[in-house]
Undergrad: 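Below is one structure. I have some questions about it.
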Amino acid sequence: MSAGTRRGASAWLDDLALGVRLSVAGGRSGWARLALISVGVGLGVVMLLTAAALPSLATARSDREAARLPGPEVSAPGPDTLLTVEVESRYRETDVNGWLVRPEGERAPLPPGVDRRLAPGEMVASPALAELLDSPDGALLRERWGGRVVGTIGAEGLAGPGERLFYLGSEQVDEETLGARRIDSYGGDGLRESGGVPPVLLVLGVLGLVVLLLPVMIFVTTAVRFGSEARDRQLAAIRLVGADSAMTRRVAAGESLIGAMLGLALGALGFLAARRVADDLLPPEFSFFTADMRPVPGLALLVVVLVPTASVLVTLSALRRVVIEPLGVVRRGGERHRRFWWRPLPSLVGLALLAPLLGGLSEQTGGLLVELQLAAGATLLLVGVALLLPWLVQATVRRLGGGGVAWQLAVRRLQLDSDTAVRAVSGIAVSVAGVIAVQGVLGAAQTQSASDLSPDDDFQAVVYVYEPGTPDGPARTWAEALAAATGIRATSGMADLGTAPDAAQVHRVYVADCAALRQYAELPSCADGDSFAGPGGASTAAGTTLTFDDDGTPIRWTVPAEVPTVRQYSTLVVADFLLTPGALQVPPVNPGTVLVAYDPADRNAVEHLRNAVARVDPTAVVQTFEERRTSSVLAGYQQALQIGAAVLLLVIGASMLVNILEQLRERRRPLAVLSAFGARRRSLSGSVLLQVAIPVTLGMLLAVVSGSAVAALLQSAAGIDVGVNWAAIAGVSGTAAVLVLAVTAASLPLLWRLTRAEGLRSE
């Protein structure tokens, strides 16, 4: 093993191979160290491969959804045409969507996943919906459309296995049906919503990825340093038989490399196992087929290259402060004072990147550049937490002193070496800061969504009627049908009228009774005959006559001399005037919206309402005000975030536990000596708890401040009101505290075993 006669790539390969052999031939301790590194890296790789699979997953779902959209519209019926109209509904807490179809010929197109043309009353349903309809829990849903299930939709026609979708043959669809399309093929994007991604969802998506990936990368770099002190002693033995300093570093790199490679293999197996169970954890709207969850080749290759490379670089970096001599290992002495001046720089750069976005994003400003700017800004701000924490912990523990035995043991240990503790805590600090930031944006968005509604609801749901009809026709049918539904207490119709689009000044008015108008605006007092002005109508001069065209019947209304201006809850859809029927002085106009009151405690009342609406017009939409407050999209993000945060905290908890166990094994002899001199187990256990709790507490303080600052910046960028989500802060702080206690409790059995008298033996 003469270092002087070995040069070039072959020497590198030989040294790396020696490191590999030492890993697998180092006895129990070597295998234990290799297992720790492999499992740690494997957990991180599972998370990285999951993130790498998200683009494929989204693309596969999007492609199937596009393939089942109606194709280009055709004008004339024929043997190959089909009339179809979309139906949107919900059952309990889940969306149930479908299409009414009416084939006009023998060659009418079939939707993807459907193998037969449907006669009136025949339904094909997704497997999840068919199972629900066949179960006792689906009794109310079976009454909604009354179709007979004659088959199931294949996987090629579904976004995911949990989706609840149907196609129903119906004679109710004709050319006059609002929203009906005549097509001769499927596949297209004619009905897709135009515009970009809403700013709130853009911010949440980018930040969610940053929050999930950054701690994972910190965890991977921490995992490759497991057992570093035992490895250093092994390297000293190699120096004793003639290896030089450079060779020992290459041997150490080889040892880390084999751990990283095994971690990659374990991570790949873990990913294959995780993708089979991940679908069960998601709501039906986000379900996916297992085959869709496959990493993008380029991203997967990046993971395969970066993880071993990072393991080698981290190992070499860790050895910079270690002098490995033939007779032992010397760590460069003296207390290393961390410099502060460069640590805030990443945070300042992150602030500079986010500053141009503080004016608020629009849907049109979305794009790759903005996403990169958001991701880079948020990442640098969170990286700043990981950089500031070591300095903060060192500066704090240096000033601590006094106290009981447990306190002194813990503080002295942190004063001697806080690096190991900080490495484990960095991940949780970054995670908590990120979760607080995401929860802050999410909570502010939900609060703003709720502020668009009346604070005191007299009604619980709204029905959007696409074909209001006349007072003697369908309008009366609506009133009678809804009033007769089980659990319905009251209904009130509201008409939405507008002046001609080519008028000098376009006005929009709501016409309804006082109870219904209070659902949309803050009215001081109200009686039939009153009228109110919104922000857009306040400037209209008194005496101005507005002409509305309601189904060809002109209706005129003159603005009175004194009209009180009121605040409307929604900032998106507002009326210039709100009128009671008496103010319009004409017979009641046709309602386009029906507000419904029912007992919110009766979970079946809203299902009875949906059934009653579907019997009159299957295409009419029912929306509860509670759904509008919570927003199903934001609720889905919140659930996905909670699942991701839970997995992340489990990974971090495992990292902290491994670090604690490693430290205890390294200090087995001092612990046994302390116990032999009378130190009580309670004191030793308390010192372990404090060694975890002190860095975690400092990390949590830094995370709360940083996370709240990031949340405020992103709230401003998303154009929502800036605020602090104290509930989220309390939740993640409490979770971190539980994590500390759980890690400490899990380490106590090993601590008690190491403090026995056998620990004093030395060979």
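Values below: all heavy atoms of this structure, side chains included; hydrogens, waters and symmetry mates excluded. In this chain, numbering begins with 1 at the start of the sequence shown.
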Undergrad: In chain order, what residues pass the salt bridge (charged side-chain N to carboxylate O under 4.0 Å, His left out) check against D80, with sequence neighbours excluded?
TA: none
Undergrad: Who are the side-chain contact (heavy atoms from CB on, under 4.5 Å) partners of S492, not counting sequence neighbours?
TA: F459, D513, A516
Undergrad: State the OG-CG distance between S185 and L82, to the nearest 0.5 angstrom.
TA: 10.5 Å
Undergrad: Kindly indicate whether the side chain of F625, heavy atoms from C-beta on, has any atom under 4.5 Å from the side chain of Q519.
TA: yes
Undergrad: Applying side chain to side chain contact (heavy atoms under 4.5 Å, CB included) to V149 and V124, what does each step give before you reach the verdict?
TA: CA-CA 6 Å; V149 178; V124 289; over 6 Å; no
Undergrad: So, taking the atom named CG in D599 and the one named CD in Q460, what distance separates them when rounded to the nearest 0.5 Å?
TA: 8.0 Å
Undergrad: Apply salt bridge (charged side-chain N to carboxylate O under 4.0 Å, His left out) to E607 and list each qualifying residue two or more places apart in sequence or on a separate chain.
TA: R144, R610
Undergrad: Residues two or more places apart in sequence or in another chain: which of them pass side-chain hydrogen bond (donor to acceptor under 3.5 Å, both in side chains) with R142?
TA: none
Undergrad: With heavy-atom distances below 4.5 Å as the criterion, would you say the side chains of S170 and P618 are in contact?
TA: no
Undergrad: Is the shortest heavy-atom distance from the side chain of Y91 to the side chain of L129 under 4.5 Å?
TA: no
Undergrad: Just by distance, do the side chain of Q568 and the backbone of A575 share a donor-acceptor pair under 3.5 Å?
TA: yes
Undergrad: Where is the tightest heavy-atom contact between E65 and A159, given as atom of each residue plus distance?
TA: OE2-CB, 3.6 Å
Undergrad: Within the structure provided, determine whether T619 and E86 are in side-chain contact (heavy-atom separation under 4.5 Å).
TA: no
Undergrad: Establish, yes or no, whether a centroid distance under 6.0 Å links the rings of W99 and F166.
TA: no
Undergrad: Side-chain contact, heavy-atom cut-off 4.5 Å: E106 with P79?
TA: no
Undergrad: Out of curiosity, I183 CD1 to L83 CG, how far, rounded to the nearest 0.5 Å?
TA: 9.0 Å
Undergrad: For the residue pair V613 and A620, what are the closest heavy atoms and their distance?
TA: CG1-CB, 3.6 Å
Undergrad: Quick one: does any side-chain atom of R68 pair with a main-chain N or O of G157 as donor and acceptor, under 3.5 Å?
TA: yes
Undergrad: Can you list everything that forms a side-chain hydrogen bond (donor to acceptor under 3.5 Å, both in side chains) with D530? Sequence neighbours excluded, please.
TA: none
Undergrad: Do N604 and L140 make a side-chain contact, defined as non-hydrogen atoms from C-beta onward lying under 4.5 Å apart?
TA: yes
Undergrad: After noting the C-alpha distance and the side-chain angles of R556 and L546, does the key distance pass the side chain to side chain contact (heavy atoms under 4.5 Å, CB included) rule?
TA: CA-CA 6 Å; R556 292 182 174 80; L546 306 179; over 6 Å; no
Undergrad: Check A67 against Y186 and note the closest heavy-atom contact, atom names and distance.
TA: O-CB, 3.7 Å
Undergrad: Which heavy atom of F532 sits nearest a heavy atom of P524, and at what distance?
TA: CE2-CD, 4.2 Å
Undergrad: May I ask you to decide if A597's main-chain N or O and R489's side chain share a donor-acceptor pair within less than 3.5 Å?
TA: no
Undergrad: Looking at OG of S89 and CG of L141, how far apart are the two atoms once the value is rounded to the nearest 0.5 Å?
TA: 7.5 Å
Undergrad: Taking side chain as C-beta onward, heavy atoms only, is L133 less than 4.5 Å from M123?
TA: yes
Undergrad: Kindly indicate, with the supporting measurements, whether the criterion side chain to side chain contact (heavy atoms under 4.5 Å, CB included) is fulfilled by L132 and D137.
TA: CA-CA 7 Å; L132 175 63; D137 188 47; 4.0 Å; yes
Undergrad: Out of the candidates T580, V566, L579, only one should pair with L517 under the side chain to side chain contact (heavy atoms under 4.5 Å, CB included) rule; please name it.
TA: T580
Undergrad: Quick check: does any side chain N or O of D576 sit under 3.5 Å from a backbone N or O of V509, one acting as donor and the other as acceptor?
TA: no
Undergrad: If the condition is salt bridge (charged side-chain N to carboxylate O under 4.0 Å, His left out), which residues does E93 pass it with, not counting sequence neighbours?
TA: none
Undergrad: Checking ring-ring contact (aromatic ring centres under 6.0 Å, His included) against F577, which of Y520, W557, F548, Y510 comes through?
TA: W557
Undergrad: Calculate, to the nearest 0.5 Å, the distance between atoms CZ and OG1 belonging to R181 and T84 respectively.
TA: 9.0 Å
Undergrad: In Å, rounded to the nearest 0.5 Å, how long is the span from OG1 of T177 to CZ of R102?
TA: 8.5 Å
Undergrad: Can you name the side-chain hydrogen bond (donor to acceptor under 3.5 Å, both in side chains) partners of E104, sequence neighbours left out?
TA: T81, R182
Undergrad: Taking ring pair (Phe, Tyr, Trp, His ring centres under 6.0 Å) as the test, write out the residues that go with Y598, two or more places apart.
TA: none
Undergrad: Ignoring hydrogens and angles, state whether a donor on the side chain of N97 or R90 is under 3.5 Å from an acceptor on the partner side chain.
TA: no
Undergrad: State which residues pass side-chain contact (heavy atoms from CB on, under 4.5 Å) with T491; sequence neighbours excluded, sorted by chain then number.
TA: L482, I488, V594, V596
Undergrad: With sequence neighbours left out, what residues match R164 under side-chain hydrogen bond (donor to acceptor under 3.5 Å, both in side chains)?
TA: none
Undergrad: Less than 4.5 Å apart, side chain to side chain, heavy atoms only: is that true for L497 and V511?
TA: yes
Undergrad: For V616 versus Q172, what's the shortest heavy-atom pair and its separation?
TA: O-NE2, 4.4 Å
Undergrad: Given 3.5 Å as the limit, does a donor-acceptor pair link the side chain of S126 with the main chain of I153, or not?
TA: no
Undergrad: What closest approach, in Å, do P103 and R117 show between heavy atoms, and which atom pair accounts for it?
TA: CG-CB, 4.4 Å
Undergrad: Apply salt bridge (charged side-chain N to carboxylate O under 4.0 Å, His left out) to R64 and list each qualifying residue two or more places apart in sequence or on a separate chain.
TA: D292
Undergrad: Could you tabulate the donor-acceptor pairs under 3.5 Å formed by side-chain atoms of residues 538-545, not counting sequence neighbours?
TA:
from: T540; atom 1: OG1; to: H507; atom 2: NE2; distance (Å): 3.0
from: T540; atom 1: OG1; to: G537; atom 2: O; distance (Å): 3.4
from: T544; atom 1: OG1; to: A541; atom 2: O; distance (Å): 2.7
from: T545; atom 1: OG1; to: T558; atom 2: OG1; distance (Å): 3.2

Undergrad: Side chain to side chain contact (heavy atoms under 4.5 Å, CB included), that's the test. Do L168 and L118 meet it? Break it down for me.
TA: CA-CA 7 Å; L168 174 64; L118 301 175; 5.9 Å; no
